[in-house]
Amino acid sequence: MHLLNLGILAHVDAGKTSLTERLLHSAGVIDEIGSVDDGSTRTDTLALERQRGITIKSAVVSFPVDDVTVNLIDTPGHPDFIAEVERVLGVLDGVVLVVSAVEGVQPQTRVLMRTLQRLRIPTLLFVNKIDRRGARREEPLREISDRLRAAVVPMGTVDDIGTPAARFRPGLDPGAAAVLADHDDELLAAYVEDTVSYDLLRTALAAQTRQALVHPVYFGSAITGAGVDALITGIQELLPAAEGDPQGPLSGTVFKVERGLAGEKVAYARMFSGTLRTRDRITFGDAVEEGKVTAISVFDHGTDIGTDSVPAGRIGRLWGLGEIRIGDAIGVSRKAYEHFFAPPTLETVVVPGPDADRRALHLALTRLAEQDPLIGLRHDEVRQETAVSLYGEVQKEVVQATLADEFGVRVTFRETTPLCIERPVGTGTAAEFIKKDENPFLATVGLRVDPAPVGSGVRFALEVELGAMPYAFFKAVEDTVRETLGQGLHGWRVTDCVVTMMRSGYCPRQSHAHQGFDKSMSSTGADFRALTPLVLVEALRRAGSQVYEPMHRFRVEAPVDTLSALLPVLAAVRAVPGTTETRGQVCVLEGMVPVAQVHGLERQLPGLTRGEGEWESAFDRYAPVAHGTVPERARTDHNPLNRKEYLLNVTRRVG
C-alpha cells in the first residue's frame, strides 16, 4: 500500500477545514460531515478552535483512497499561526492549496504559494465555494497565474457557478498541452505536429505535477461535495507517494509536540528512513539527547491506533521521549531544521491577574513555548515579568484564552511592541587577564567582534590553539557568547556578527598534598562563564551597534479617488511608498512600513477607502532606526554593561 502525507493549506476562511471534513466523508471515514460554525469538525479538537471557528493547531487524520493511505494534515490559515504551518511543510509529500472562488487569491495565499514553490512541494489547487453567490471561475484562474506566478492546468469546467446547483465537470483544459510543453520536449514536438494524445498529456501532467513544475486546478464546493471526487482522483494519481526504505538507517523529524492526558509529552514524527519500534533507545536533537520509546500509535481510518512500530513514510505519535522538542531529528539528521517564514516580530509582557499563581503561570507559559518554539519566553527576575514573542494580536488573544481555559490562569497583556535587533557597525576588541585589572575570575578571555553579512547569524571562531586549555572552557566561552548576545548594548538580540576568541588562559588543577581539588586555586567553567559577558560587551561597545526595526512590505488596492486620504496617513506612520500602478478606477500601491504601524493601518483602511481597500503585508527585512529615540529594551541579565553592578550580582564583590 502506498502512503501519502498531504497538507491542506489556505488563507483563513477559504474552507480548508470544511474540505478536510468532506474528504473524510467521501472516503467513508466519517458518517456525518462536521461544521466549522457548529464546532463539530474532526480536526479542530481544541475547545478554543471550536469556539472561534478557526484552526490554531495542526491536526493529523488518515483516510484510504483505493491502494493509497493518505495522512492528511489540516493546518491553520490565520497568519498569526504561520509557525504551525512551517513545522508541517518539512514532512509533506504534497499539498492541496485552497482558494476561495468568491474572494480569490488572498494575502496568505501568496505567502504560502511562494514558500511551496521555493521548497518545490507538489501542489494541487482547489478553488472552493463555487456554490456561493459571487463565485467566479476565470478571475481566480487569472489571479493564480498572475499573482501567484504559477503555471496552472485547469482540470475541468463549472456549470451554474454561483448557485447551490453549481457542479464541476472534469476534463483537461484545451490549453493544457501548451503549458506542459514548456517542460517536455517530446510533448512539444507532438504539440507542434498536432499529434498530442490523451495518454501523453496525462503522463506529462503527472510527471510535472510531482516535480512542482505545474499545478492542476480543481473547482468545487466543500459544502455540497461538488468537485471533491475529482480532487481525490487527482490526489491519488498526480501527487507522489511517500518515499523511504524501512530497512535503512533510522531517520525522522518531529513536527509537533503535545501533552497527553497524564501530562506526558507526545511527539508527532514523520519517518523518512528505517523503522522505529517500541522499547528502542534512540538519539534525537543533534544526537545530544537519548531516550526510550515506550509507546507508538499511527493514524488509520480517521483515528490513531496503537502499534509496536512506525516504518519509513508514516507519521507516528511517540511516547517516552521527555526531552524531545519540535524540529528535533530522530536518528540520522536529514538536514538542519529550517525556518521557512519570518520569525515573530512583536513582543508583549504577560500581566498576571490578581489571583494568579505565578508558578502556575510560568509552567503554563513554558508548556505553550514547548508546543510552539517561536513563542519565545523572556523572564525578567528583577521585575518578575515574563515577555512572549508573537506574530499578531489574534495570537495574543488565543494565548490569553488558552491560559485561562486549559491552565486556569487569568492574565492580561501590556501593549504589543516590535521586536528589534542589533548589529555591530565596526570592529571591537577587549580582553581580561588572570590576576590583572581587578579581574576576580581565574580565567583569561580576549574577544573580537566583527560585523558579518546580513542573515548570517552569529558565528564563533578561534584564533588560539584548541589545545591551549581544556575543551570544556572553550565550550563555556562559546555558549556564554551566544547567550550574552541575546541582549546587546540597547537590550536587543545581536545578530550578523563573528565573535573571535583571541586570548585564552587558565589556572591548571591545583591540590595540596594528601588533599583533594582546591577550587580557589584552579580554573573552572564557571570562571569563563562569568568573565565572558564582561569581555564581550566591552568589545561590542567598542565596535558600536545599530538598532534595526522590523519592516513589512505592504500592498494596498484601493479606489483611485481615495489616494488623497490614504497617502498622508501612510506618511504619518513612516510608510515609504514604492511603486504605484493604476488599473482603471483601482490603484495598487506597494511599499515598506514599520511593523509597529501595521495593526493600526489595517484598522484605519476601511474608513479611508470606503470599505473597498485591500491590505496585504508580510515581513520583509530589518531597517535601521533612523527617526526619533533609539528604542531600548530592559535587560534581564546581570547587566555586564555596568561592571560594578555585574560583579555585585555575580560574585557579591566588585573586584
Side-chain angles (χ1 to χ4, degrees), residues 42-50 55-62 71 73-75 81 83-84 87-88 90-91 250-271 274-300 302-311 314-331 337 357-377 386 388 398-399 401-409:
R42 177 63 63 95
T43 52
D44 283 348
T45 56
L46 298 178
L48 196 58
E49 292 178 314
R50 296 180 185 274
T55 302
I56 297 171
K57 296 289 184 183
S58 58
V60 183
V61 64
S62 178
N71 285 327
I73 308 179
D74 185 21
T75 61
F81 307 105
E84 278 291 315
R87 290 188 280 275
V88 169
V91 304
L250 190 67
S251 178
T253 298
V254 175
F255 65 91
K256 178 177 178 177
V257 171
E258 64 184 16
R259 290 277 175 172
L261 296 177
E264 76 282 13
K265 266 191 184 180
V266 183
Y268 288 63
R270 156 76 190 266
M271 302 307 299
T275 300
L276 181 62
R277 297 177 174 83
T278 53
R279 295 182 293 279
D280 279 355
R281 295 199 68 87
I282 61 171
T283 57
F284 54 88
D286 297 326
V288 298
E289 300 285 354
E290 187 176 288
K292 180 180 179 180
V293 179
T294 58
I296 297 173
S297 69
V298 295
F299 297 92
D300 190 51
T303 186
D304 65 310
I305 57 175
T307 182
D308 60 359
S309 65
V310 52
R314 296 207 76 157
I315 291 173
R317 300 175 77 213
L318 314 177
W319 281 260
L321 308 175
E323 301 301 317
I324 204 157
R325 297 168 300 176
I326 290 172
D328 278 352
I330 292 176
Y337 185 66
D357 183 332
R358 289 182 178 271
R359 284 187 296 180
L361 173 59
H362 181 74
L363 175 61
L365 288 171
T366 301
R367 290 279 178 90
L368 289 182
E370 180 181 274
Q371 296 172 24
D372 186 349
L374 292 182
I375 295 182
L377 297 183
T386 300
V388 296
V398 167
V399 170
T402 303
L403 289 172
D405 297 345
E406 294 188 19
F407 299 96
V409 181

How about E264: does its CD atom have over 12 heavy atoms from other parts shown lying under 6.0 Å from it?
yes
Give the C-alpha distance, both sets of side-chain angles, the deciding distance and a yes or no for side chain to side chain contact (heavy atoms under 4.5 Å, CB included) between I282 and V293.
CA-CA 8 Å; I282 61 171; V293 179; 4.0 Å; yes
Which residues satisfy the side-chain hydrogen bond (donor to acceptor under 3.5 Å, both in side chains) test with R281, sequence neighbours excluded?
E290
Closest approach of G316 to V298 (non-hydrogen atoms, all atoms of both residues)
CA-CG1, 4.4 Å
So do the side chains of L321 and T294 get within less than 4.5 Å of each other, counting heavy atoms only?
no
Check step by step if side chain to side chain contact (heavy atoms under 4.5 Å, CB included) holds for Y268 and V254.
CA-CA 6 Å; Y268 288 63; V254 175; 5.8 Å; no
Assess whether side chain to side chain contact (heavy atoms under 4.5 Å, CB included) is satisfied between L276 and L250, documenting all intermediate values.
CA-CA 7 Å; L276 181 62; L250 190 67; 3.9 Å; yes
D280: which residues meet the salt bridge (charged side-chain N to carboxylate O under 4.0 Å, His left out) condition with it, sequence neighbours left out?
none
Side chains of D308 and R277, heavy atoms from C-beta outward: is any pair under 4.5 Å?
no
Taking only residues two or more places apart in sequence, or in another chain, which ones meet T386 in a side-chain contact (heavy atoms from CB on, under 4.5 Å)?
L365, L377, H379
What's the separation between atom OG1 in T278 and atom CD1 in I296, rounded to the nearest 0.5 Å?
5.5 Å
Applying salt bridge (charged side-chain N to carboxylate O under 4.0 Å, His left out), can you list everything that pairs with R270, at least two apart in sequence or on another chain?
D93
Residues at least two apart in sequence or cross-chain that pass side-chain contact (heavy atoms from CB on, under 4.5 Å) with S297, listed by chain then number, are D304, R317, W319
Starting at CZ of F255, measure out to CD1 of I326 and round the result to the nearest 0.5 Å.
10.0 Å
Using atom types as modelled, flag every donor-acceptor pair under 3.5 Å from a side chain in residues 357-364 to any protein atom, sequence neighbours excluded.
unit_1, atom_1, unit_2, atom_2, d
D357, OD1, R359, N, 2.9
D357, OD1, A360, N, 3.3
R358, NH1, Q384, O, 3.2

Could you give the distance from OG (S62) to CZ (R314), rounded to the nearest 0.5 Å?
6.5 Å
To the closest 0.5 Å, what do you measure between CZ (R259) and NZ (K265)?
5.5 Å
From CA spacing to verdict: side chain to side chain contact (heavy atoms under 4.5 Å, CB included), I73, I315:
CA-CA 10 Å; I73 308 179; I315 291 173; 3.8 Å; yes
